[in-house]
Amino acid sequence: MATQEPDASPRWDTSAAALGHDRPDVAAYAALASDLRERVDGEVQFDEYAQVLYATDGSIYRAKPAGVVCPRDVDDVVAAHEVAADHDVPVLPRGTGSSLAGQAVGPGCVVLDMSRHMDDIVAVDADAREATVQPGVVQDHLDARLAEDGLKFAPDPASSGRATVVGGIGNNSTGAHSVRYGITDAYTEELEVVLADGTRIHTREVVLGSDEHEAIIDGGGVEAELYRTVEGLVRDNADEIAEKYPNLKRSVSGYNLHKVIYETDDGEEAINLSKLFVGAEGTLGTVVEATVSLVSKPAETALALYCFDDLVDAMEAVPVALEYPVSAVELMDDEVFRLARESTEYAQYEEPIPDGTAAALMLEWDSELVDDFEAAVADTTAEFVDAGAAFDVLEAYSDEAQGKLWKLRKAAIPLLMSLEGDPKPYPFIEDATVPPEELAAYVQEFEDVLEAHGTSAAYFAHAGSGTLHIRPILNLKDGEGIETMHSITDDVTDLVLDHFGAFSGEHGDGLARTEFNPKMYGPQLWGAFQDLKSAFDPDWRMNPGKVVYVDGDTAADRGYPESAADTDMRENLRYGAEYHSIEPQTALDFDDEGGFSHLVELCNGCGTCRETEGDVMCPTYRASGEEIQATRGRANMLRAAISGELPEEELHSERFQEEVLGLCVGCKGCMSDCPTGVDLAKLKAEVKHEHHEREGAGLRERLFADVDVASRVGSALAPVANAATKLPGARTAMERTLGIAAERDLPTFTRDTFRKRFARRGGAAVSAAEADARVVLFPDTYTDYSMPDAGMAAVEVLEAANVHVRVPDDLAASGRAAFSTGFVEKARDRAAANVETLAPFVEEGYAVVFVEPSDAVMFQDEYRDLLDGDAVEAVSAASYGVLEYVDTHRLDEAMAFREDPETGEPLAYHGHCNQKAVNTDHHAVGVLRRAGYDVDPLDTTCCGMAGSFGYEAEHYDLSKAIGSMLFETHDESRAEAITAPGASCRSQLGDREEASGQPPHPVEKVAAALER
């Protein structure tokens, strides 16, 4: 099926000529790359792939860097700075690239990826409430360590699961609890910094006039000059600083001249240059170590969500809410609720929201602020509901109930960014901040600005701090849309100043707002910013063009890089007016995603796929730590390929097919875990299909695509087939000829297949006439030929609930293996055959039930991409994993389970990644628990086998590395025994050195618990 007319341009014409795209220039930086490789121990990546991978961050911007250095230590950082200085090339220090204003991208820069290796927690001093970290430490990882001492790092950005602490320092980050804790600059105590020329300095609190201060000044050199310059700038601009810096909890535009000199708790005047590096976005130097102060972690919290029938009424309630001892005040509007209601993933969280809610304020209290949560909620309910401002309230005291409300609040951005079509709610003025008492008037006037420009926006986020994330909906692939963005920004920055606010209260300046900083601070402070930048970075080579800039003539006269001059928010856009991409004819149906290219472009660069704790996405990144293995990396590479940024033939090169696509295990985790739903498994299948059509396929690929045929032959020849693979030299020969890893235990086959066993016992034990329900039990390849015990256990469990079970002989393989290896037409043929066979059963009221989860999901999801029509929709809707079916219909309530000490023992459960992607993984846990088991559901990613992936010789080590994460999680569980529904998962667990065999399928554990 095609998403383009048959007479359209060539299916996959990705040439630069066709798309008008300039490609990266690698040769221009060859000498620089060579010198860096001589001096740096870490990776030095200066090819086209690196330039594509690091050209974007979480913002609307794209700027091709010179290349990337992943330093291993401070010496590497110093060397990189020195080499870059020798070549007069800018340097851009970068964390995980989750920045929303374009801070982490820069044209022609040497990007320092500080997240790759320098990620140690150096020290934690619980008594002093301080922690020292390297720049690559992710905040959630630090907080997990601090939780042992009842502490946490106070700023809590939504990106804390992948954003680094030092990245947050560069941005001056904060989050939902800034009402309670403030922002990062309040917690940054000491820094180790490398300046542009490689000079190292140590910044910390120094009392003015003290011996330490005098020693610094008398010592001369760079450090003394920096102290003199900063002190002079603050002194000479004292009146302007007092007038121009807004009095807000959040203000992160410009440099922190208002915070670098302050009064200590002892009443002394001190200077701390660390405060200047906070929010400097890497424009003053590269932070290589940070010491931050910590706060205690409240033991408990409570939430109340107040529902208003008018947005302005909700805004007017914000300053009133702040009169109470709250730790957070968050806002959501009706557009967020509407999108959540229409979303499969988030509808459950929106369901409790009363009809007519135009806006809601969510208030939080913690146990360090209040003793009686219910009394505290009663006070605000009397203030808002009883007085008539709000019309309803939802109260949440349990962790589960609060978690659902927070998930709804945090769903706002992914819901908005997943809108169909090119117009998107883009971030460019979304974190402007005004005093809370100004919010109501500000919102009304903001609405006027939007109306004047013919667009709209949703309202959400941190109302208690005066920060609303307002994202106007625009098409930035259109010149008019780009100009509208600039005009809206100009108008809104005027509006912000009228209401005594700041252009950025959270996400920083970057490429989006630096242009407007002269308007906010005026010419005198703007000149002070330029002097400050020149003192720390005389050649303006540190991340130029961010926070501050100079006019073009000055930049040219002084030899500054072009990027330091006249920053314009309309330049370096990821999707500008010149952007073009192909929309190829596709074998799969991409209509629901808005087309192939739209699905690729749904990746907004937020970097959620780089999170390494919780959920599934992205297992190969978790094992390798390489950007190209994250879903964002793969999406960026595909975008570059379909837009002509890469050479025409690159998509079909061996490197692209292996490094970009071949290492995607098809777990489908990105389908659910990616905030915008970038389904890389589907994209991979489409591109692999096109590659097979164009280049052909190898013997191993064809073998794995037809694994059902190979298994049928193996079963017919068993036990000889099993013995043959154990002959001396057989495994080595298989690796040499087929590329199947010699170290991996191969599946064994049985002649006594599941279908034979089912037929031998006489077929169904419960007749169709007497049954309460009827199912077709799908005889998948693994269950039929290798693991029939699981199939028979499924029959036993279903029949224990008085279900009639049919196992037809004329079903084809599900097509999962063919689909995963890119043989789309083969998968389509098998899907069509199965739908034709099963549709009459479904019409008669049968469900289709699966032992193997990947096959269940194939029917539930991929069949709808392969086929059209009512029949496939009906079969797909009637398809279930076996315990999903039991749980959905509560069939276990009709079963009798025995009381047995074995069922009371803890049992670890490793769910299948495909089922997690479609939110059906939890069903097995419910059934196992009701069967009497003490189940510990493991929070794990893919097992690493992923069908054929773990058998491929070149992927064996990566497969085992992914598997080791499963093993470690199991080792941390209270349960020694483990169960897993996926055949691949059980194979990986069975291949573990200390394993005594493959663990059972969950349905086997349920069958074992039945009373006989």
Side-chain angles (χ1 to χ4, degrees), residues 754-755 757-780 783 787-807 841-842 844-853 855-856 860 878-912 915 919-937 975 977-982 986 999-1012:
F754 164 59
R755 279 184 285 192
R757 290 172 64 174
F758 183 76
R760 189 169 64 247
R761 52 101 77 173
V766 177
S767 70
E770 296 176 345
D772 294 324
R774 294 173 293 170
V775 305
V776 171
L777 186 58
F778 188 86
D780 68 86
T783 301
M787 305 172 183
D789 287 348
M792 295 309 298
V795 173
E796 185 179 1
V797 168
L798 291 167
E799 291 183 341
N802 200 38
V803 174
H804 171 68
V805 179
R806 293 281 297 271
V807 183
F841 284 102
V842 172
E844 293 178 20
Y846 279 77
V848 185
V849 174
F850 299 81
V851 174
E852 176 56 39
D855 287 326
Q860 293 167 336
S879 297
Y880 301 86
V882 59
L883 294 185
E884 176 191 358
Y885 180 73
V886 170
D887 186 51
T888 299
H889 299 286
R890 285 297 191 267
L891 299 182
D892 54 298
E893 293 176 1
M895 301 177 193
F897 295 106
R898 58 191 175 86
E899 293 187 11
D900 189 300
E902 180 184 343
T903 60
E905 291 296 316
L907 177 66
Y909 171 78
H910 166 65
H912 196 279
Q915 286 189 315
N919 197 30
T920 60
D921 174 58
H922 60 283
H923 293 290
V925 176
V927 177
L928 285 166
R929 284 174 172 164
R930 292 193 297 275
Y933 292 99
D934 175 15
V935 183
D936 179 17
I978 188 169
T979 183
R986 300 199 300 277
H1001 189 291
V1003 78
E1004 294 180 84
K1005 299 299 290 185
V1006 175
L1010 290 171
E1011 189 174 84
R1012 293 175 171 82

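Values reported hereafter were calculated over all heavy atoms of this structure, with side chains retained and with hydrogens, waters and symmetry mates removed.
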message = Once salt bridge (charged side-chain N to carboxylate O under 4.0 Å, His left out) is applied, do any residues pair with Glu796, and if so which ones, sequence neighbours excluded?
response = Arg1012
message = Working note: Thr979 + His910, criterion side-chain contact (heavy atoms from CB on, under 4.5 Å); need CA distance, chi angles, decisive distance, verdict.
response = CA-CA 6 Å; Thr979 183; His910 166 65; over 6 Å; no
remark   = Looking only at heavy atoms, the pair that brings Val925 and Pro937 closest together is CG1-CG, 3.9 Å
query = Is any side-chain heavy atom of Arg774 less than 4.5 Å from a side-chain heavy atom of Arg806?
reply = no
task = Identify the two heavy atoms, one from Pro981 and one from Gly911, that lie closest to each other, and give their separation to 0.1 Å.
result = CD-CA, 4.4 Å
query = Going from OG1 on Thr783 to CG on Asp789, what distance comes out if it is rounded to the nearest 0.5 angstrom?
reply = 10.5 Å
inquiry  = Could you tell me if Gln915 and Gln860 have a donor-acceptor pair between their side chains, going purely by distance under 3.5 Å?
reply    = no
ask   = Is any side-chain heavy atom of Leu883 less than 4.5 Å from a side-chain heavy atom of Val1006?
value = yes
message = Run Leu777 and Phe758 through side-chain contact (heavy atoms from CB on, under 4.5 Å) and show every step you take.
response = CA-CA 11 Å; Leu777 186 58; Phe758 183 76; over 6 Å; no
task = Under the side chain to side chain contact (heavy atoms under 4.5 Å, CB included) rule, collect the residues that match up with Ala1008, sequence neighbours excluded.
result = Tyr933
message = In the structure I gave you, are the side-chain heavy atoms of Phe778 and Val851 within less than 4.5 Å of one another anywhere?
response = no
remark   = side chain to side chain contact (heavy atoms under 4.5 Å, CB included) filter on Ala908, not counting sequence neighbours, yields Leu938, His970, Ser973, Ala975, Ile978
task = Determine the sole option in Val775, Val797, Val849 for which the side chain to side chain contact (heavy atoms under 4.5 Å, CB included) test with Val803 is passed.
result = Val775
message = What's the separation between atom CG in Leu907 and atom CG in Leu928, rounded to the nearest 0.5 Å?
response = 6.0 Å
request  = Could you pull out the closest heavy-atom pair between Pro1000 and Lys1005, with the gap in Å?
outcome  = CG-CD, 3.5 Å
query = Is there side-chain contact between Tyr909 and Asp936, with heavy atoms separated by less than 4.5 Å?
reply = no
ask   = Under 4.5 Å between any side-chain heavy atoms of Arg761 and Met792, yes or no?
value = yes
task = Indicate yes or no: at least one non-hydrogen side-chain atom of Val886 is less than 4.5 angstrom from one of Met895.
result = yes
query = Between His923 and Tyr885, does a ring-ring contact (aromatic ring centres under 6.0 Å, His included) hold up when you go through it step by step?
reply = CA-CA 8 Å; His923 293 290; Tyr885 180 73; over 10 Å; no
request  = Give me the ring orientation class for Tyr846 and His804: parallel if the planes are under 30° apart, tilted from 30 to 60°, perpendicular past 60°.
outcome  = perpendicular
request  = Kindly determine whether Val776 and Val807 satisfy side-chain contact (heavy atoms from CB on, under 4.5 Å), including the steps that lead there.
outcome  = CA-CA 6 Å; Val776 171; Val807 183; over 6 Å; no
note = In short, Ala801 meets Ala894 closest at the heavy-atom pair CA-CB, 4.4 Å
query = Is any side-chain heavy atom of Arg930 less than 4.5 Å from a side-chain heavy atom of Arg890?
reply = yes
ask   = With side chains defined as the heavy atoms from C-beta onward, is the minimum distance between Asp780 and Phe754 less than 4.5 Å?
value = no
task = Would you give the length of the straight line joining atom CD of Glu799 to atom CG of Leu1010, rounded to the nearest 0.5 angstrom?
result = 11.0 Å
task = Tell me yes or no: between the side chains of Asp887 and Tyr880, is some donor less than 3.5 Å from an acceptor?
result = no
inquiry  = Can you give me the closest heavy-atom contact between Pro999 and Arg986, atom names plus distance?
reply    = O-CD, 3.1 Å
request  = Mind listing the closest non-hydrogen atom pair of Ala856 and Gly881 along with its distance?
outcome  = CB-N, 3.9 Å
ask   = Can any side-chain N or O of His1001 pair as donor or acceptor with the backbone N or O of Val1003 at less than 3.5 Å?
value = yes
